[in-house]
Amino acid sequence: MKKLINSVDTIVTDTLHGVAAAHPSLRVDIENRVIYRRDAPRQGKVGLVSGGGAGHEPLHGGFVGYGMLDAACPGEVFTSPVPDQMIEASKGVDGGAGVLHIVKNYTGDVLNFEMAAELCADEGIEVASVLVNDDVAVQDSLYTAGRRGTGATLFVEKIAGALAETGAPLAEVARLAQEVNERSRSFGVALSAGTVPAAGKPTFDLSDTEIELGIGIHGEPGRTRSTHREAREIARLAMDAINDDVPLSGDTLVLLNGMGGTPLLELYIVYAEVAAYLEEKGATAVRRLVGNYVTSLDMQGFSVSVCRLTDELTRLWDAPVETPGLRWGR
Amino acid sequence: MDTSFFLAWIKEAATAVQAERDHLTQLDAAIGDADHGANLDRGFAAVRQALADTPPETPGAVLVQAGSALIRKVGGASGPLYGTAFRQMGRALGDAPEITPAGLVTALEAAQEGVQKLGGAAEGDKTLVDAFAPAVRALAQAVQDGAKLEDALETATTAAEEGARATVPLQARKGRASYLGPRSVGHEDPGAASTALIFAALRRAAGQA
């Protein structure tokens with residue numbers, strides 16, 4: 001598999017050099033592997049820190065900036081970052097109002113962020129954490145690691161970031177982040193697996209007639225394998241999974257997310273079905289995003305995330321944001 | 001067992017992980033995310049570097065330093081889990097210059113407890129605990145029966161390898177493989193496989209002493 005890389009061992013560092021060169025609005029600490037907004041720390045403002053394996057770009061580094069994250073820590077490809085990075089990031093964004101860690105629910109991310117939060121407390125930094133677990137493909141039970149954090153991470157980062165920008169206290173920002181997560185559900189479908197550069201071949205094999213339902217964002221296979229069919233039917237399978245979990249109604253925010261290797265053309269074909277599905281159920285997509293936001297390297301496929309909005313959440317979603325990956329109103 | 005014994009163990013473990021890097025990654029590709037070999041290899045390289053930079057003076061210090069380097073460099077779940085295992089072991093050894101077989105058993109029991117507390121896994125969940133726990137039990141029994149250290153570690157290694165193989169028919173209940181549900185059955189757990197390698201390295205270190 002051909003990849004545009006210099007060497008497998010320098011992927012993350014080389015990416016950070018590019019991010020630094022491309023986005024003067026960010027300050028990139030390449031040695032410690034932290035991406036900051038240039039004006040961090042902001043006095044009196046809650047600092048938002050997220051992080052996760054590389055390979056999901058623009059998540060998380062592309063969402064650093066005004067109205068969203070204050071810092072992001074990228075790990076190796078599909079590997080959570082380490083506590084040192086999170087501590088460094090937390091110190092760098094703490095403006096005296098505390099720091100919120102936004103953590104996707106994967107065992108590695110959870111363990112490393114837990115260790116970091118403990119060490120931050122030792123250093124006198126007040127840290128609250130919110131766990132994102134929106135993926136309905138996984139049954140939340142004693143028999144799994146719990147639902148994964150996927151597309152709703154973007155909702156949490158945007159909406160909590162907007163609230164933090166108003167000077168709200170840490171407990172309030174954490175509560176709202178939690179509420180966004182609880183109101184959000186996601187489901188993903190892959191037509192092909194992504195290729196981790198170090199492995200050099202796709203993580204799993206799908207034939208031309210197969211699709212994988214209920215995929216995560218780390219190239220892990222999904223819950224079931226099924227037969228490939230029209231976009232219309234696949235979109236409905238994904239929406240059924242979400243609607244079966246929490247019946248859709250009212251105003252919604254919808255993210256039709258490409259996994260990295262899907263043409264926008266196809267995403268729009270799927271989105272048309274998603275919008276029609278919502279209407280059938282008596283729900284309305286009042287805010288929408290279609291594009292590559294929470295990717296899985298070069299995986300072909302999509303995930304759909306739906307957040308049931310309140311007036312407060314809609315207002316905060318609409319608030320100005322200025323990051324490499326999301327930008328409006330400013 | 002003195003400081004050089006534990007340094008030899010780390011060196012053997014690093015060599016074994018490097019040699020089996022691709023195999024571990026392949027196991028992980030089947031039910032995880034295809035990075036276990038690469039991550040552990042990077043971690044043990046960092047451990048060797050850390051030990052070379054500031055040579056520890058006691059067995060306990062070797063293991064605490066090794067564990068800290070793993071936590072700092074590996075990421076994922078295996079970094080904190082293996083890091084905690086080595087750190088807890090090192091703490092249990094205190095600053096004693098020479099470790100008895102019984103002391104090694106106690107330290108390994110502390111390591112296992114630390115891993116299970118952090119990760120929340122029990123035996124049968126298809127994790128590294130499925131290799132770790134039987135190995136520690138086998139070692140404890142052999143030491144209690146008065147076996148020679150080398151023989152006791154041979155028994156422990158066999159138990160770890162059998163434990164790793166016994167994860168094949170299990171359905172994962174922890175970690176990334178748990179997302180697969182029944183489809184995790186039929187594959188060896190990569191963490192259990194790497195644990196077996198680390199016990200085999202301990203056995204080889206004893207052979208050199």
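Here is the naming used below: chain letters follow the sequence lines, and residue numbers restart at 1 for every chain. Side chains are part of it too, since the values below use all heavy atoms of this structure and drop only hydrogens, waters and symmetry mates.
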Could you tell me the separation between the [atom1] atom of [X] and the [atom2] atom of [Y], rounded to the nearest 0.5 Å?
X: Phe204(A); Y: Leu180(B); atom1: CZ; atom2: CG; answer: 9.5 Å
X: Thr107(A); Y: Tyr179(B); atom1: OG1; atom2: OH; answer: 5.0 Å
X: Gln26(B); Y: Lys201(A); atom1: CD; atom2: NZ; answer: 5.0 Å
X: Asp9(A); Y: Arg42(B); atom1: CG; atom2: CZ; answer: 9.0 Å

Original post:
Can you list every pair that meets ring pair (Phe, Tyr, Trp, His ring centres under 6.0 Å) and has a residue in residues 65-108 of chain B, with sequence neighbours left out?
Top reply: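 Qualifying pairs: Trp9(B)-Phe86(B).
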Original post:
Are Met115(A) and Thr84(B) side-chain neighbours, meaning at least one heavy-atom pair lies under 4.5 Å?
Top reply: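 In short, these two side chains touch, coming nearer than 4.5 Å.
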**OP:** Using a 4.5 Å cut-off on heavy atoms from C-beta on, say whether the side chain of Leu81(B) contacts that of Leu111(A).
**Re:** yes
So for atom [atom1], which belongs to [X], do other residues, nucleotides or ligands contribute more than 12 heavy atoms lying within a distance under 6.0 Å?
X: Asp122(A); atom1: CG; result: yes
X: Glu182(A); atom1: CD; result: yes
X: Arg72(B); atom1: CZ; result: no

Subject >> Asn105(A), part contacting chain B, at a heavy-atom distance under 4.5 Å >> reply: backbone
**OP:** Heavy-atom distances under 4.5 Å only: say whether Val110(A) touches chain B with side chain, backbone, both or neither.
**Re:**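 Looking at Val110(A), nothing touches chain B.
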**OP:** Taking all non-hydrogen atoms of both residues into account, name the closest pair between Val77(A) and Asp35(B) and its distance.
**Re:** O-OD2, 4.1 Å
Subject >> Flag, side chain of Asn112(A) to backbone of Gly76(B), donor-acceptor distance under 3.5 Å >> reply: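 Looks like yes, one N/O pair under 3.5 Å.
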Original post:
So which of Pro182(B), Ala77(B), Ala177(B), Ala34(B) has the largest heavy-atom pair count under 4.5 angstrom toward chain A?
Top reply: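 Most pairs with chain A among the choices: Ala77(B).
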Subject >> Toward chain A: residues of residues 103-124 of chain B with heavy atoms under 4.5 Å >> reply: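 From residues 103-124 of chain B, the residues near chain A are Leu118(B).
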